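Note that the structure is predicted; figures quoted are calculated from it, not measured. By convention in this document, chain letters (A, B, ...) are assigned in the order of the sequence lines, proteins followed by strands, and residues within each chain are numbered from 1.
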Amino acid sequence: MYHRIKGTRDILPDEIYQWHYVEDKIRNYLERCNYQEIRTPLFEVTELFARGIGTDTDVVSKEMYTFQDKGHTSLTLRPELTAPVLRAYLQNNLNQLSPITKLYYLGPLFRQERPQKGRLRQFNQFGFEIIGSEHPEADAEVIQAVFAIYQELGINDLKVRINSIGSRDSRRYYLDLLHKTLAPHAGEFCATCQQRLERNILRLFDCKLESCQALLDQYAPLILDHLSNADILHFEEVQALLTAAFVPFEIDQKLVRGLDYYTRTTFEITSSLLGSQDAICGGGRYDHLAEDLDGPPTPAVGVASGMERLLMILNEIQAIPQPTVDLIYIAILGDNARQAAFQLVSRLRAQGYAVEMDFMRRSLKAQMREAGKKGADWVIIIGEDEIQKDQLIVKNMTSGEQKNLQLSRATEQLETILR
RNA sequence: GUGGGUGUAGCUCAGAUGGUAGAGCAACAGGUUGUGGCCCUGUCGGUCGCGGGUUCAAGUCCCGUCACUCACCCCA
């Protein structure tokens with residue numbers, strides 16, 4: 001017997017309605033914001049991710065599913081969607097159609113990590129991007145919109161954290177400063193932090209060790225104290241806009257995101273209902289990604305939200321309504337009734353009804369049980385007797401009432417009963 | 001990659017000190033002749049993850065291995 005590979009999931013029929021429900025809600029809200037859907041390939045040339053996300057990031061350095069195709073091109077199953085979306089935006093010259101483009105997506109991503117709660121190797125995200133605007137209202141809309149989607153789905157206890165890591169220039173200045181300040185104390189940090197100090201200094205803030213955090217509190221300059229005036233202004237306006245839109249948030253100067261392309265605004269929304277991986281979405285501004293991908297300078301901001309994590313929360317708070325079934329079941333008795341029944345099935349379906357008939361040739365009792373189990377509202381019984389008398393029986397499964405109708409005029413007569 | 005937990009019927013789980021397995025639910029069939037949901041009865045269903053070892057005897061002890069899971073790193 002074959003098994004699913006590690007970190008993947010089968011979404012079975014009794015769960016799929018949840019996905020449909022959530023996807024509908026997401027699409028509905030995003031289309032109210034006038035985002036348009038985009039679908040890009042599941043794999044891309046490896047270099048797109050290496051250049052877009054950054055070779056030093058964990059995602060690129062150790063989590064990608066990379067392989068060679070027969071033309072010896074290195075391909076990678078997409079580990080995130082911002083870079084592919086921007087690639088598509090540039091390649092198809094969407095910037096020629098309008099200076100501003102709002103895109104959303106929904107689909108699977110792949111990262112070869114050790115699976116755990118809320119973390120899979122193939123997982124789904126929805127996300128959206130505003131490409132073309134450098135202004136804080138774009139940042140604010142992205143945060144406001146994801147937050148609103150969660151609210152419409154019935155989730156309330158969420159924590160929105162925002163930060164600004166500055167434009168590239170002021171960030172470079174800050175990183176230098178940070179390094180200069182901390183280097184003399186390097187020996188006091190834990191082993192991994194010592195590596196972070198040299199490789200990816202912002203990650204120091206992620207360390208869970210109290211000793212390291214204490215050192216940071218003592219020595220590290222705070223990023224917000226070292227941004228340019230323009231950065232500060234931008235960040236303040238984002239905050240003002242969020243406040244105006246009633247989005248609660250807190251500033252977290254230690255919020256650092258793991259992808260290199262971010263500039264200025266970064267944010268994350270977390271839920272206490274998830275496990276240790278508590279972020280339901282994350283995003284930010286990436287004003288230089290277009291250039292990094294050899295396009296013209298194009299400011300942009302976006303967010304990516306985990307579908308599985310979203311569903312975990314919704315199940316936890318039981319916020320997904322049961323699906324409604326709307327089914328007519330046709331019970332058949334005897335070989336002579338089968339053709340008439342099958343004909344009725346096809347007629348009723350053509351009229352728009354959901355209809356299913358018995359395929360097991362079992363007793364009427366068993367067929368009724370089956371109909372009940374499937375949640376059928378009506379059962380139509382066609383047996384040998386009925387064929388003889390040009391009749392059929394319609395039974396209402398809720399009230400238990402049943403009526404005889406004329407088989408040859410079944411479709412018209414049913415119309416009035418089934419409504 | 002590192003550490004912890006778990007692995008017994010389709011599902012959820014019980015199986016003290018070792019003596020070759022059970023329950024509930026589900027499935028299926030009956031409870032009079034062609035009618036569901038409740039109730040009752042019965043039936044089906046397991047090489048106890050896999051491989052070694054100890055023992056007269058192992059689901060139960062030991063070793064190994066695989067899988068799942070949670071956590072670290074990082075992220076959705």
Side-chain angles (χ1 to χ4, degrees), chain A residues 1 3-9 12 14 53 56-64 78-82 106-127 146 190-193 195-196 199-200 202-203 206-209 255-259 266 268-271 274-283 302-313 329 331-334 337 358 360 362-387 391-402:
Chain A
M1 181 139 62
H3 285 84
R4 181 169 9 102
I5 64 175
K6 189 197 287 293
T8 64
R9 288 192 42 202
L12 300 176
D14 67 348
I53 304 170
D56 282 346
T57 60
D58 278 24
V59 169
V60 171
S61 64
K62 54 184 202 195
E63 296 170 3
M64 296 204 300
R78 62 193 196 188
E80 60 105 53
L81 264 163
T82 299
L106 208 56
L109 303 176
F110 308 85
R111 306 225 272 243
Q112 191 161 186
E113 299 179 84
R114 191 72 139 220
Q116 70 184 74
K117 185 170 186 182
R119 169 185 289 156
L120 295 161
R121 289 186 170 184
Q122 176 177 335
F123 60 101
N124 290 272
Q125 287 185 344
F126 78 89
V146 249
C190 70
T192 46
C193 276
Q195 289 181 349
R196 290 180 176 128
R199 291 207 40 108
N200 201 337
L202 278 179
R203 288 290 165 63
D206 279 341
C207 190
K208 300 244 160 51
L209 291 178
L255 174 63
V256 172
R257 313 232 72 244
L259 311 178
T266 60
E268 197 168 281
I269 300 181
T270 55
S271 164
L274 295 170
S276 164
Q277 309 305 323
D278 62 353
I280 182 174
C281 77
V303 62
S305 174
M307 290 291 290
E308 285 82 0
R309 289 183 190 179
L310 179 53
L311 285 167
M312 277 165 69
I313 295 173
Y329 190 89
I332 301 166
L333 280 158
D358 167 63
M360 296 301 287
R362 293 189 293 183
S363 68
L364 182 59
K365 186 191 181 84
Q367 293 185 52
M368 293 303 293
R369 212 190 306 122
E370 187 72 16
K373 204 161 56 189
K374 286 174 188 281
D377 309 300
W378 301 91
V379 173
I380 293 174
I381 301 168
I382 302 180
E384 315 245 1
D385 295 356
E386 283 72 25
I387 299 289
Q391 275 190 350
L392 57 72
I393 298 169
V394 200
K395 174 166 181 163
N396 181 311
M397 291 296 271
T398 312
S399 65
E401 290 170 29
Q402 57 184 52

(request) Determine the Euclidean distance between corresponding C1' atoms of B:rA26 and B:rU12; express it in Å to zero decimal places. (result) 11 Å
(message) So A:Gly127, base contact, sugar-phosphate only, or nothing? Heavy-atom distance under 4.0 Å.
(response) nothing
(request) Determine the interatomic distance between P on B:rU41 and the same-named atom on B:rG15; round to the nearest Å. (result) 25 Å
(request) Can you tell me, in whole Å, how much space there is between the C1' of B:rC63 and that of B:rC25? (result) 38 Å
(request) Could you tell me the separation between the CD atom of A:Glu113 and the CG atom of A:Asp58, rounded to the nearest 0.5 Å? (result) 8.0 Å
(request) Have a look at A:Gln112 and say if it touches a base, only the backbone sugar-phosphate, or nothing, with a 4.0 Å heavy-atom cut-off. (result) nothing
(request) Specify the residues of residues 369-384 of chain A, ordered by number, for which at least one heavy atom lies under 4.0 angstrom from an atom of RNA chain B. (result) A:Arg369, A:Lys373, A:Ile381
(message) Please report the distance, rounded to the nearest Å, between CD in A:Gln402 and P in B:rU35.
(response) 10 Å
(request) Could you work out the separation of B:rG64 and B:rG3 based on their P atoms and round it to a whole Å? (result) 13 Å
(message) Let's test this: given Watson-Crick or G-U wobble pairing with both distances under 3.5 Å, identify the partner of B:rG24.
(response) B:rC11
(request) Could you tell me whether the phosphate oxygens of B:rC28, OP1 or OP2, come under 4.0 Å of any side-chain nitrogen or oxygen in A:Arg362? (result) yes
(message) Once you apply a heavy-atom cut-off of 4.0 Å, does A:Glu308 come out as touching a base, just sugar-phosphate, or nothing?
(response) nothing
(message) Rounded to whole Å, please give me the gap between CE in A:Met397 and P in B:rC38.
(response) 12 Å
Between the protein and nucleotides 2-9 of chain B, list every N/O to N/O distance that falls short of 3.5 Å.
unit_1 : atom_1 : unit_2   : atom_2 : d
B:rU2  : O4     : A:Arg114 : NE     : 3.2
B:rU2  : O4     : A:Arg114 : NH2    : 3.1

(request) For A:Gly334, report the nucleic acid contact type (base, sugar-phosphate, nothing); a contact means any heavy atom under 4.0 Å. (result) nothing
(request) Classify the nucleic acid contact of A:Leu333 as base, sugar-phosphate or nothing, counting any heavy atom under 4.0 Å across all strands shown. (result) base
